[in-house]
Amino acid sequence: MPELPEVETVRRGLTQLVAGSQIKKVDVIYEKMINLPKKPFEDALREKTIEAVDRRGKYLFIRISGGLTIVSHLRMEGKYDVEPEGAPIGKHTHVIFHLADGRQLRYNDTRKFGRMNLVHTGDEMSVAGLRNIGPEPTERDLTVDYMQTIFAKSKKMIKPFLLDQSKIAGLGNIYADEVLWLSKIHPEQPVNLLTLDEIKRLRMNIITEIQKAIAGHGTTVHSYSNAYGEAGSFQNHLNVYGRTNKPCLRCGTPIVKIKLAQRGTHFCPQCQVIHGEENE
DNA sequence: AGTTTTCCCTGCCCGC
DNA sequence: TGCGGGCAGGGAAAAC
């Protein structure tokens, strides 16, 4: 499932493969994927050029000549593939961009969860999830001050809190479990009771983990692959996600899996313990 | 207003 | 073998 590092990997892949390419025409096969009716969406993109591909959180911004942007969210299993025009079209192909050089950029998505919003460049906030999206998980944007402020204001459990894109952009279920394990914080810990030390530790783990995952071209779980069709390599580095009943890599205690806010959540009951403000 | 639940989808895995 | 049921999950919308 693409989280920020996977989306960044796709962004780089698309930049290399299709930036500068002209779109001859577009075929929308699955209409619910897009924010406009099929015809105006296709017509607006005919004969335009893909100028660049940017990213914000897990959203891709495909910049189109004439002041347009396709805001693309891959959700669970969305992916872009570049194929020659004769290649057989799979049953999960929902949008096809016919490029002037004969190649096709195809959007594939087995679960049909992904979405494409065609907007005027600059109007990206008209897409619901971008209106109040949180800072990028970087040294520069995710400051200790900011984290302290938002953590003090909420009694929510840290795991669902980390998945809330309006708090911090880009973390998904895998990285949320990973950074909590690395930081030795229990997923049900209320965020307002975290110590400053824990907040700082969590912050650094978020920043460095995302960085490392980008360097490793993203995690691969299920069917994810990048625009080159390569699988990411970061799955080899997962410490806790998907390791239910396997020994914790720090202390050997079996990893426990619970459900929090409808999300599978993995943690070590020995290393990650809930505490009140009186503790540590 | 903040938080929790439901729903969208399909493939896969399990049990019968 | 085939079928039903349950599960997986990001995020928007609906319900609390």
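Sequence lines set the chain letters: A, B, ... in the order given, protein chains first and strands last, and positions in each chain run from 1.
Look at A/Glu85 and A/Arg106 and you find no salt bridge, because none of the NZ, NE, NH1 or NH2 atoms lies under 4.0 Å from a carboxylate O. Between A/Asp43 and A/Arg46 a salt bridge is recorded (basic side-chain N to carboxylate O distance below 4.0 Å). A salt bridge links A/Glu8 and A/Arg12; the closest N-O separation between the charged side-chain nitrogens and carboxylate oxygens is under 4.0 Å.
There is a side-chain donor-acceptor pair under 3.5 Å between A/Tyr80 and A/Ser72. One side chain, A/His266 or A/Asp177, offers a donor N or O that lies under 3.5 Å from an acceptor on the other.
Atom OH in A/Tyr241 sits roughly 12 Å away from atom C1' in C/dG10 (whole-Å rounding). Taking atom CZ of A/Phe161 as the reference point, atom P of B/dT4 lies 12 Å away to the nearest angstrom. Atom CE of A/Met76 is separated from atom P of C/dA8 by 11 Å (rounded to the nearest Å). With rounding to whole Å, A/Lys159 atom NZ is found 12 Å from C/dG10 atom C1'. The distance between atom CG of A/Leu74 and atom P of C/dA12, rounded to the nearest whole Å, is 14 Å. Rounded to an integer number of Å, the gap from CG of A/Leu4 to P of C/dG10 is 13 Å. What separates CD of A/Gln165 from P of C/dG9 is a distance of 15 Å, to the nearest Å. As a whole-Å value, the separation of A/Ile258 CD1 from C/dG9 P is 13 Å.
Where A/Lys156 and A/Arg263 meet DNA chain B, the nucleotide closest to each residue was compared, and A/Lys156 sits on the side nearer the 5' end.
For the OP1/OP2 pair of B/dT3 and a distance below 4.0 Å, the side-chain nitrogens and oxygens of A/Ser154 include at least one atom meeting the criterion. Close to C/dG11, at under 4.0 Å from its OP1 or OP2, lies a side-chain N or O of A/Lys58. Regarding contacts with the backbone of C/dA8, a side-chain N or O of A/Lys259 is found under 4.0 angstrom from either OP1 or OP2.
The hydrophobic cluster containing A/Ile96, built from Ile/Leu/Val/Met/Phe/Trp/Tyr side-chain heavy atoms closer than 4.5 Å, also comprises A/Ile29, A/Ile89. Hydrophobic clustering, defined by side-chain heavy atoms of Ile, Leu, Val, Met, Phe, Trp and Tyr closer than 4.5 Å, groups A/Ile258 together with A/Met157, A/Val256, A/Leu260, A/Phe267.
The listed nucleotides are C/dG10, C/dA8, B/dT5; the one nearest the side chain of A/Gln262 is B/dT5. When distances run from any side-chain atom of A/Lys257 to the nucleotides C/dG11, C/dA8, B/dT3, the shortest one goes to C/dA8.
Sequence neighbours left out, the pairs with a member in residues 56-68 of chain A that pass salt bridge (charged side-chain N to carboxylate O under 4.0 Å, His left out) are A/Asp54-A/Arg63, A/Arg56-A/Glu136, A/Arg63-A/Glu124.
Judged purely by atom type and a 3.5 angstrom limit, A/Glu178 uses its side chain to pair as donor or acceptor with the backbone of A/Val240.
Between A/Gly276 and A/Leu193 the shortest heavy-atom distance is CA-CD1, 4.1 Å.
When each of A/Glu77, A/Met76, A/Met33 is checked for a side chain to side chain contact (heavy atoms under 4.5 Å, CB included) with A/Phe113, only A/Met76 meets the rule.
In this structure, A/His73 and A/Tyr59 have perpendicular ring planes: the angle between them is above 60°, well past the 30° mark.
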Tabulate atom names and distances for all N/O pairs under 3.5 angstrom spanning the protein and nucleotides 13-15 of chain B.
none

Can you pull every protein N or O that's under 3.5 Å from an N or O on nucleotides 8-12 of chain B?
unit_1: B/dC9; atom_1: OP1; unit_2: A/Tyr30; atom_2: OH; d: 3.0
unit_1: B/dC9; atom_1: OP1; unit_2: A/Lys32; atom_2: NZ; d: 2.1
unit_1: B/dC9; atom_1: OP2; unit_2: A/Lys32; atom_2: NZ; d: 3.4
unit_1: B/dT10; atom_1: OP1; unit_2: A/Lys112; atom_2: NZ; d: 2.8
unit_1: B/dT10; atom_1: O2; unit_2: A/Arg111; atom_2: NE; d: 3.4
unit_1: B/dG11; atom_1: OP1; unit_2: A/Lys91; atom_2: NZ; d: 3.4
unit_1: B/dG11; atom_1: OP1; unit_2: A/His92; atom_2: NE2; d: 3.0

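Helix-axis bend for the helix from B/dG2-C/dC16 to B/dC16-C/dG2: the local axis fitted to the five terminal pairs at one end deviates from that at the other end by 50°, rounded to 10°.
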